[in-house]
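Okay, so here's the structure we're looking at.
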Amino acid sequence: MEVIISHDAESASKKAARYIADVIKRKPNCVLGLATGSTPLALYKELIRMHKEENLDFSQVVTFNLDEYLGLPNNDPRSYHYFMHENLFSHINVKPENIHIPDGMTTDVLAFCEEYENKIKQAGGIDLQILGIGNDGHIGFNEPTSSFASRTRIKTLTHDTIESNARFFDNDENKVPRHVITMGIGTVMDSANVLLLAFGKSKANAISQTVEGPLSAFIPASVLQMHKHAKILIDEQAASLLKLKDYYRWVYDRKPEWNKWL
Ligand code: F6R
């Protein structure tokens, strides 16, 4: 696990975008795992800028999103389909047939989830998975106590997540769907590389437990301690509770040039 502390969310998002651009340049048909939420917004803006101003080419890129609310049609502004089209896909040249997002309106959840896993496998697996993190340590919608071996499936949201996401549903918790489809923790762990982003004070506790706490299904992101190529890219505030933050900075500042990815 590599911890990279950036001054603020903006500089971290630019670093993340450069990293992704580098992955795409090295492997134009790479498979990206994508997240929604507030955290990756600045990253997606920067990728759009790179596409428009620097010809970053997404024409062969394949994408798989982590999750979607059950019961929301694709054209609902609160669905993750809508979010992704609004904030990334409609501004870049990714091919519609290369975009995969769980279907919140599926009538056969079990078959859909199995098929989603198969499609990831058929695409050759995820080269780079982008993650945010919930205040309770969730990744995707894998809430606390999700199995580390879990695959794409239906999950019930915790009250904490419903409360936190009510901001996208007129601040009305009753409007937040209770169920979602999410890639499992095992699905995320199969990705060749993982980049988790976290910004702001509200994420500090989840980050300290993820990086320096015990491996525990109670903090789903702590599983990343077992991933071979996981990078945790955070701002000063999200890093504020880390005991070894000076060490992480020291390590990063002394990385050999050839090994410096951003
Ligand atoms: C969204 C997702 C979630 C979010 C997490 C943080 O696709 O997978 O795990 O990354 O809830 O959300 P924000 O970024 O809004 O704080």
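Predicted model, so just to flag it, every value in this text is computed and none were measured.
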Counterpart residues, ring pair (Phe, Tyr, Trp, His ring centres under 6.0 Å), relative to [X] (two or more places apart):
{"X": "Tyr69", "value": "Tyr80, Phe141, Phe169"}
{"X": "His85", "value": "Phe89"}
{"X": "Phe83", "value": "none"}
{"X": "His91", "value": "none"}

Got [X] and [Y] here, is their nearest side-chain heavy-atom distance under 4.5 Å?
{"X": "Asn193", "Y": "Tyr19", "answer": "yes"}
{"X": "Ile207", "Y": "Leu241", "answer": "no"}
{"X": "Asn65", "Y": "Pro102", "answer": "yes"}
{"X": "Ile181", "Y": "Leu70", "answer": "yes"}
{"X": "Thr210", "Y": "Met1", "answer": "yes"}
{"X": "Val251", "Y": "Glu2", "answer": "no"}
{"X": "Lys25", "Y": "Leu56", "answer": "yes"}
{"X": "Val3", "Y": "Leu244", "answer": "no"}

Please enumerate all residues that pass side chain to side chain donor-acceptor pair (under 3.5 Å) together with [X], with sequence neighbours excluded.
{"X": "Ser240", "result": "Lys201"}
{"X": "Glu173", "result": "His159"}
{"X": "Arg78", "result": "Asp76"}
{"X": "Asp108", "result": "none"}

Just list the side-chain donor-acceptor pairs under 3.5 Å for residues 29-44, sequence neighbours left out, or say none.
| unit_1 | atom_1 | unit_2 | atom_2 | d |
| --- | --- | --- | --- | --- |
| Ser38 | OG | Arg167 | NH2 | 2.8 |
| Tyr44 | OH | Ala35 | N | 3.3 |
| Tyr44 | OH | Ala35 | O | 2.6 |

In terms of hydrophobic clusters joined by side-chain contacts under 4.5 Å, are [X] and [Y] together?
{"X": "Ile126", "Y": "Met189", "result": "yes"}
{"X": "Leu242", "Y": "Leu224", "result": "yes"}
{"X": "Leu66", "Y": "Phe148", "result": "yes"}
{"X": "Ile162", "Y": "Ile133", "result": "no"}
{"X": "Met183", "Y": "Val62", "result": "yes"}

Report summary line: The complete set of ring pair (Phe, Tyr, Trp, His ring centres under 6.0 Å) pairs with one or both residues in residues 201-248, sequence neighbours excluded, reads none
How long is the straight-line distance from [atom2] of [Y] back to [atom1] of [X], given to the nearest 0.5 Å?
{"X": "Leu233", "Y": "Leu131", "atom1": "CG", "atom2": "CG", "value": "12.0 Å"}
{"X": "Leu157", "Y": "Glu163", "atom1": "CG", "atom2": "CD", "value": "12.5 Å"}
{"X": "Lys121", "Y": "Asn118", "atom1": "NZ", "atom2": "CG", "value": "5.5 Å"}
{"X": "Ser147", "Y": "Arg153", "atom1": "OG", "atom2": "CZ", "value": "7.5 Å"}
{"X": "Asn55", "Y": "Met50", "atom1": "CG", "atom2": "CE", "value": "12.0 Å"}
{"X": "Leu128", "Y": "Ile24", "atom1": "CG", "atom2": "CD1", "value": "9.0 Å"}

Could you check whether any side-chain N or O of [X] sits under 3.5 Å from a backbone N or O of [Y], counting only pairs where one atom can act as donor and the other as acceptor?
{"X": "Thr106", "Y": "Asp103", "result": "no"}
{"X": "Ser150", "Y": "Ile185", "result": "yes"}
{"X": "His179", "Y": "Lys155", "result": "no"}
{"X": "Gln129", "Y": "Ser191", "result": "no"}
{"X": "Thr182", "Y": "Asp67", "result": "no"}
{"X": "Asn142", "Y": "Ile139", "result": "yes"}
{"X": "Glu212", "Y": "Lys243", "result": "yes"}

Can you name the closest pair of heavy atoms from [X] and [Y] and give their distance?
{"X": "Asn135", "Y": "Lys203", "answer": "OD1-CE, 3.2 Å"}
{"X": "Ser146", "Y": "Ala217", "answer": "O-CB, 3.6 Å"}
{"X": "Gln225", "Y": "Val211", "answer": "NE2-O, 3.7 Å"}
{"X": "Leu196", "Y": "Ala221", "answer": "CD1-CB, 4.3 Å"}
{"X": "Ser11", "Y": "Ser6", "answer": "OG-OG, 3.5 Å"}
{"X": "Asp170", "Y": "Lys175", "answer": "OD2-NZ, 2.6 Å"}

Report task. Apply side chain to side chain contact (heavy atoms under 4.5 Å, CB included) to Asn98 and Thr63, showing your working. Result -> CA-CA 6 Å; Asn98 286 347; Thr63 69; over 6 Å; no
Report task. Verify whether one side chain among Ser59 and Asp57 offers a donor that lies under 3.5 Å from an acceptor in the other. Result -> yes
Query raised in the report: Under 6.0 Å from the CD atom of Glu115, do we count more than 12 heavy atoms belonging to anything else shown?
Result: yes
Query raised in the report: Is it true that Arg26 and Asp22 make a salt bridge, defined as a side-chain N closer than 4.0 Å to a carboxylate O?
Result: yes
**Report entry** Ion pair check, Glu236 and Arg249, cut-off under 4.0 Å
**Finding:** yes
Query raised in the report: Got a sec, which residues hit salt bridge (Lys or Arg N to Asp or Glu O under 4.0 Å) with Arg151, two or more places apart in sequence or on another chain?
Result: Glu117, Asp190
Query raised in the report: Given the rule in the side chain to side chain contact (heavy atoms under 4.5 Å, CB included) test, do Leu47 and Phe58 qualify, once you have shown the distances and angles that lead to the verdict?
Result: CA-CA 10 Å; Leu47 287 176; Phe58 291 84; 4.2 Å; yes
Report task. Not counting sequence neighbours, which residues clear side-chain contact (heavy atoms from CB on, under 4.5 Å) with Arg49? List them please. Result -> Glu46, Glu53, Glu54
Report task. Under the side chain to side chain contact (heavy atoms under 4.5 Å, CB included) rule, what do Ser222 and Gln209 come out as? Steps first, then yes or no, please. Result -> CA-CA 7 Å; Ser222 68; Gln209 298 201 60; over 6 Å; no
